[in-house]
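Remarks on the structure that follows.
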Amino acid sequence: MLERYCDFSVPVEPVLVFVGVSELKVVATQLSVRVYEERQVAALAPLSGVLTADQVEQVYSVARHRQAWARA
């Protein structure tokens with residue numbers, strides 16, 4: 001949907017982040033969805049993304065546009 005309003009491919013991967021859990025067991029069958037605890041999210045910051053800063057701003061702008069989601 002985002003690609004319809006952006007002039008570039010917008011890769012999306014499903015992620016679940018659990019906050020305040022005492023224990024989290026992730027099994028290998030859940031590989032299609034990344035699962036993190038809250039403290040693990042900060043470790044993702046140093047990773048280089050696939051979008052430029054300008055592309056991130058464009059995706060953010062499109063994602064906040066109500067008409068874009070009305071046709072989804």
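As the structure is a computational prediction, the values presented were derived from the model and not from experiment.
- The two residues S32 and P14 make their nearest non-hydrogen contact at O-CG, 3.2 Å.
- Here E57 pairs with nothing under the side chain to side chain contact (heavy atoms under 4.5 Å, CB included) rule; sequence neighbours left out.
- Linking Ile, Leu, Val, Met, Phe, Trp and Tyr whenever their side-chain heavy atoms come within less than 4.5 Å puts V21 and L16 in one cluster.
- Considering every non-hydrogen atom in both E3 and S9, the closest pair reads OE2-OG, 3.1 Å.
- Take L51 and apply the side chain to side chain contact (heavy atoms under 4.5 Å, CB included) test, not counting sequence neighbours, and it matches F8, P11, Q55, V56, V59.
- Listed by chain and residue number, V17, R34, Y36 satisfy the side chain to side chain contact (heavy atoms under 4.5 Å, CB included) test with V15 (two or more places apart in sequence, or in another chain).
- V12 and Y60 sit in two unconnected hydrophobic clusters of ILVMFWY residues. Membership requires side-chain heavy atoms under 4.5 Å apart, directly or through other members.
- Rounded to the nearest 0.5 angstrom, Q40 CD and L24 CG are separated by 7.5 Å.
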